[in-house]
Amino acid sequence: MKLSVKALALTMGILWAAAFFLVATLNQWKGGYALPFLNMVDSVYPGYDMGGFGSVIIGMLYAFVDGLIGGAVIAWLYNRLSV
């Protein structure tokens, strides 16, 4: 059985963006929430900082692209290695 590269890529992109949005929004509402995770993301995604809501949207876009690429690589690798 082969995986759909497009389907897994979109699924991972949407899920990672949604998870990031939830964590970053909770940090905006309740200061200090998930600071180690958000500091790590701040160092990886250029343009994202823990500032305002606009930064949350920028980080969510980066997370979507990150998940999209990761999902595509996982599906492609699975399809290449499954015999």
Side-chain angles (χ1 to χ4, degrees):
M1 177 177 90
K2 297 234 178 210
L3 292 176
S4 169
V5 175
K6 181 179 175 181
L8 187 62
L10 285 172
T11 300
M12 293 295 289
I14 291 168
L15 286 176
W16 182 234
F20 177 82
F21 179 78
L22 179 66
V23 170
T25 302
L26 285 173
N27 182 54
Q28 294 293 317
W29 285 339
K30 180 184 176 186
Y33 181 78
L35 279 180
F37 170 74
L38 291 174
N39 283 328
M40 185 268 312
V41 170
D42 185 13
S43 69
V44 175
Y45 294 163
Y48 170 74
D49 59 3
M50 290 182 279
F53 191 71
S55 183
V56 171
I57 300 301
I58 290 171
M60 189 177 73
L61 292 174
Y62 274 119
F64 177 75
V65 172
D66 192 17
L68 194 77
I69 293 169
V73 168
I74 289 169
W76 176 81
L77 191 60
Y78 176 86
N79 289 338
R80 297 293 289 170
L81 295 176
S82 66
V83 178

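What you are looking at is a predicted structure, and each value in this text was computed from that prediction instead of being measured.
Between Met50 atom CE and Leu35 atom CG the span is 5.5 Å, to the nearest 0.5 Å. Atoms CE and CG, on Met12 and Leu68 in that order, are 10.5 Å from each other to the nearest 0.5 Å. The distance from the CG atom of Leu10 to the OG atom of Ser4 is 8.5 Å, given to the nearest 0.5 Å.
Under the 4.5 Å side-chain contact rule for hydrophobic residues, Trp16 and Met40 share a cluster. Taking hydrophobic clusters as Ile, Leu, Val, Met, Phe, Trp and Tyr residues chained together by side-chain heavy-atom distances below 4.5 Å, Met60 shares a cluster with Phe53. A continuous path of ILVMFWY side-chain contacts below 4.5 Å connects Tyr62 to Val23, so both sit in one hydrophobic cluster. Transitive grouping of hydrophobic side chains (ILVMFWY, heavy atoms separated by less than 4.5 Å) keeps Leu15 and Leu26 in distinct clusters. Linking ILVMFWY residues whenever their side-chain heavy atoms come closer than 4.5 Å, directly or via other members, leaves Val5 and Val65 in distinct clusters.
When all heavy atoms are compared, the tightest approach of Ala63 to Ala17 is CB-CA, 3.9 Å. Gly47 and Ile58 get closest at one heavy-atom pair: O-CG2, 4.0 Å.
No donor-acceptor pair closer than 3.5 Å links the side chain of Thr25 to the backbone N or O of Leu22. Tyr48 contributes no side-chain N or O that, together with a main-chain N or O of Val56, makes up a donor-acceptor pair within less than 3.5 Å. Judged by distance alone, the side chain of Asp42 and the main-chain N or O of Leu38 form no donor-acceptor pair under 3.5 Å. Gln28 places a side-chain N or O within donor-acceptor distance of the main-chain N or O of Gly51, the cut-off being under 3.5 Å. Looking only at distances, a side-chain donor or acceptor of Asn27 sits under 3.5 Å from a matching main-chain atom of Gly32.
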Determine, step by step, whether Phe20 and Asp66 satisfy the side chain to side chain contact (heavy atoms under 4.5 Å, CB included) criterion, reporting the C-alpha distance in whole Å, the side-chain angles of both residues, the deciding distance to 0.1 Å, and the verdict. CA-CA 11 Å; Phe20 177 82; Asp66 192 17; over 6 Å; no
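When the ring-ring contact (aromatic ring centres under 6.0 Å, His included) test is applied to Phe64, no partner is found at least two apart in sequence or on another chain.
Within the structure, no pair that satisfies the side chain to side chain donor-acceptor pair (under 3.5 Å) test touches residues 67-81, not counting sequence neighbours.
Summarising the local packing, CZ of Phe37 is surrounded by more than 12 heavy atoms from other residues, nucleotides or ligands at distances under 6.0 Å.
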